[in-house]
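Below: one structure, written as structure tokens.
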Amino acid sequence: MTVPYEAIPNGWFSVATTKELKARRVVEKRYFGREWVLWRSASGAPVMQDAYCPHLGAHLGAGTVRGENLRCPFHGFEYARDGACVATPDGRTPPRTRARSLPLLEREGVLLAYWHAEGEAPHWEPPSLDLPGFTSFRFLRQAFRGHPQEICENSSDLVHFGPTHGYGNPHTTREPRVDGHVLRVDYAMDRSLDFLGMPNRRAPLVFSAEVFGLGFSRVHARMPSVGVEADLLIMPTPISADEVELNFAARVKRLKLAFLTPLVRELFVRGYTSDLMADVPIWSRKRYVPRPALTEGEQPIAIYRKFAAQFYSQPADPKPLAPVLRAS
């Protein structure tokens, strides 16, 4: 069974950071092929709703937060956190209408929304991100032509680590495992320590990756020879069916020499960001191949493809995106 590459998958996706969504602030976003507003109520609850007032279509991005409600700038109708119209400015009975709201979770500075094409409620949640002994996350974001399924496939495509990133001897250390909405892959390789200022030295790097749906992947990376551990989040959010916003977050385990920890985090972020940026030009010009000619060592990709199919509402043969052609 193949999946519709031009479709938007269902699942949990990063839509903002905690710092972006301050109390009583309204933030405009575009995801899942439509516009949204995010706002935080007076009690601190984050909310994500359809950007257009269901009364007469005013954009709620110019609305104001009043207690636990969002007030439309056009007629003053107020919408509760669940999207229901609950008040009018002159006291008349509010109409029985509702702005679509998405379930939201807040995890260690990340706001995650649950998108489902048919509006179904979530039947699973991403994991807790509480990790004692680690720094806070450092966040980065970039938008480009692409799709979450292609990005998350990197966790199972070990062969590309050599030609694309210059890693040596990439190999799985444990067979990929699928447990419902989670795919787990463990692998190892060696890497240049150029990002730590030692370009002529290489060291083993050990990864444990967990893929939760197609919008939230977590990678625990260890470099035992230099005593560095990192916790990485790769969170591709579909802006539309063929446009994606890649949200990346990284934190490191605090070192015994505490003053070195911020520097090590920054260096690690730079190194891993450099790797991601090497993938972006490839992702942005790829064409989805529904039945790839896989070689020896690429079986994890087949496992991943089967896993990914469950996150679409109507699996079907895809209409692949054509490659981007640029004038020379």
Side-chain angles (χ1 to χ4, degrees), residues 3-18 20-21 26-40 45-52 54 59-61 70 79 81-84 98-107 109-127 129 139 141-153 180-183 210-218 233-249 283 288 304 307-316 318 321:
V3 298
Y5 181 70
E6 74 276 12
I8 293 174
N10 303 318
W12 290 96
F13 297 94
S14 169
V15 292
T17 64
T18 295
E20 280 183 87
L21 199 60
V26 181
V27 177
E28 299 177 26
K29 294 282 186 173
R30 181 171 174 262
Y31 295 123
F32 319 120
R34 60 186 70 194
E35 293 181 62
W36 304 89
V37 290
L38 281 91
W39 53 280
R40 194 181 291 277
V47 183
M48 184 170 181
Q49 290 176 336
D50 191 295
Y52 294 95
H59 200 291
L60 295 172
L70 180 64
Y79 295 89
R81 285 158 31 190
D82 65 358
R98 182 182 297 270
R100 181 175 182 179
S101 296
L102 298 185
L104 277 184
L105 290 174
E106 207 156 6
R107 294 279 197 268
V110 184
L111 278 166
L112 299 163
Y114 186 80
W115 164 261
H116 194 282
E118 278 76 50
E120 292 183 11
H123 60 275
W124 58 276
E125 290 188 0
L129 296 179
F139 294 96
R141 177 184 294 161
Q142 180 164 343
F144 52 91
R145 176 191 177 274
H147 193 276
Q149 182 169 325
E150 295 281 10
I151 294 170
C152 291
E153 189 166 279
H181 62 275
V182 186
L183 169 67
E210 295 180 298
V211 183
F212 297 85
L214 300 183
F216 186 89
S217 295
R218 186 178 188 182
L233 304 180
I234 298 90
M235 303 174 289
T237 303
I239 298 172
S240 62
D242 62 356
E243 189 179 7
V244 69
E245 178 184 273
L246 177 57
N247 297 280
F248 168 63
W283 286 327
Y288 178 73
Y304 168 81
F307 161 79
Q310 68 180 290
F311 300 106
Y312 295 89
S313 293
Q314 296 178 329
L321 293 176

Quiz prompt | Spacing of I151 atom CD1 and I234 atom CD1 [to the nearest 0.5 Å] | solution = 10.0 Å
Quiz item: OG/S240 to CZ/R30 distance, rounded to the nearest 0.5 angstrom?
Solution: 5.5 Å
Quiz item: After noting the C-alpha distance and the side-chain angles of Y79 and D50, does the key distance pass the side-chain contact (heavy atoms from CB on, under 4.5 Å) rule?
Solution: CA-CA 11 Å; Y79 295 89; D50 191 295; over 6 Å; no
Quiz item: About how many Å separate CD of E153 and CG of L183, when rounded to the nearest 0.5 Å?
Solution: 11.0 Å
Quiz item: Is V47 close to L70 at the side-chain level, that is, under 4.5 Å between some pair of heavy atoms?
Solution: no
Quiz item: How would you list, by chain and number, every residue that makes a ring pair (Phe, Tyr, Trp, His ring centres under 6.0 Å) with Y304, sequence neighbours excluded?
Solution: none
Quiz item: How would you list, by chain and number, every residue that makes a salt bridge (charged side-chain N to carboxylate O under 4.0 Å, His left out) with E20, sequence neighbours excluded?
Solution: K29, R141
Self-check item: Y52: ring pair (Phe, Tyr, Trp, His ring centres under 6.0 Å) partners, not counting sequence neighbours
Solution: H59
Quiz item: Does R107 use its side chain to pair, donor to acceptor, with the backbone of P126 at less than 3.5 Å?
Solution: yes
Quiz item: Distance from E28 atom CD to W39 atom CH2, nearest 0.5 Å?
Solution: 15.0 Å
Quiz item: What's the verdict on side-chain contact (heavy atoms from CB on, under 4.5 Å) for L102 and V15, showing C-alpha distance, side-chain angles and the deciding distance?
Solution: CA-CA 11 Å; L102 298 185; V15 292; over 6 Å; no
Quiz prompt | Test salt bridge (charged side-chain N to carboxylate O under 4.0 Å, His left out) applied to E35 - qualifying residues, sequence neighbours left out | solution = none
Quiz item: Tell me, do H147 and P9 make a side-chain contact under 4.5 Å, heavy atoms counted?
Solution: yes
Quiz prompt | N247 side chain reached by T237 side chain, heavy atoms, under 4.5 Å | solution = yes
Quiz item: Which atom pair, heavy atoms only, marks the closest approach of P236 to F13?
Solution: O-CD2, 3.3 Å
Exercise. Look up atom OG in S14 and atom CZ in F248, then write down how far apart they are to the nearest 0.5 Å.
Key: 12.5 Å
Quiz item: Do the side chains of V244 and P148 get nearer than 4.5 Å, heavy atoms only?
Solution: yes
Quiz item: Who pairs with R100 by salt bridge (charged side-chain N to carboxylate O under 4.0 Å, His left out), at least two apart in sequence or on another chain?
Solution: none
Self-check item: Main-chain N/O of G180 paired to Q310 side chain as donor or acceptor, under 3.5 Å
Solution: yes
Self-check item: M235 vs F212, side-chain contact (heavy atoms from CB on, under 4.5 Å): CA-CA, chis, key distance, verdict
Solution: CA-CA 10 Å; M235 303 174 289; F212 297 85; over 6 Å; no
Self-check item: Heavy-atom pair of closest approach, residues F139 and G109
Solution: CZ-O, 3.7 Å
Exercise. Could you walk me through whether R40 and T18 pass side-chain contact (heavy atoms from CB on, under 4.5 Å), step by step?
Key: CA-CA 10 Å; R40 194 181 291 277; T18 295; 4.0 Å; yes
Practice problem: Mind checking ring pair (Phe, Tyr, Trp, His ring centres under 6.0 Å) for H181 and listing every partner two or more places apart, or none if nothing turns up? | Solution: W124
Practice problem: Taking all non-hydrogen atoms of both residues into account, name the closest pair between W12 and E125 and its distance. | Solution: NE1-CA, 3.7 Å
Self-check item: Side-chain donor or acceptor of R98 paired with backbone N/O of D82 under 3.5 Å
Solution: yes
Quiz item: What are the two closest heavy atoms between G33 and I8, and how far apart are they?
Solution: N-CD1, 3.9 Å
Practice problem: Check whether any side-chain heavy atom of R218 sits under 4.5 Å from a side-chain heavy atom of L129, and report yes or no. | Solution: yes
Exercise. Give a yes or no on whether the backbone of Y31 and the side-chain of W36 come within a donor-acceptor separation of less than 3.5 Å.
Key: yes
Quiz item: Would you find a donor on one side and an acceptor on the other, under 3.5 Å apart, between the side chain of N10 and the backbone of A117?
Solution: yes
Quiz prompt | Contact summary for F307 and V211, nearest pair of heavy atoms | solution = CZ-O, 3.5 Å
Self-check item: Aromatic centroids of W115 and F32 separated by under 6.0 Å
Solution: yes
Quiz item: Could you give the distance from CD (E210) to CG (L233), rounded to the nearest 0.5 Å?
Solution: 11.0 Å
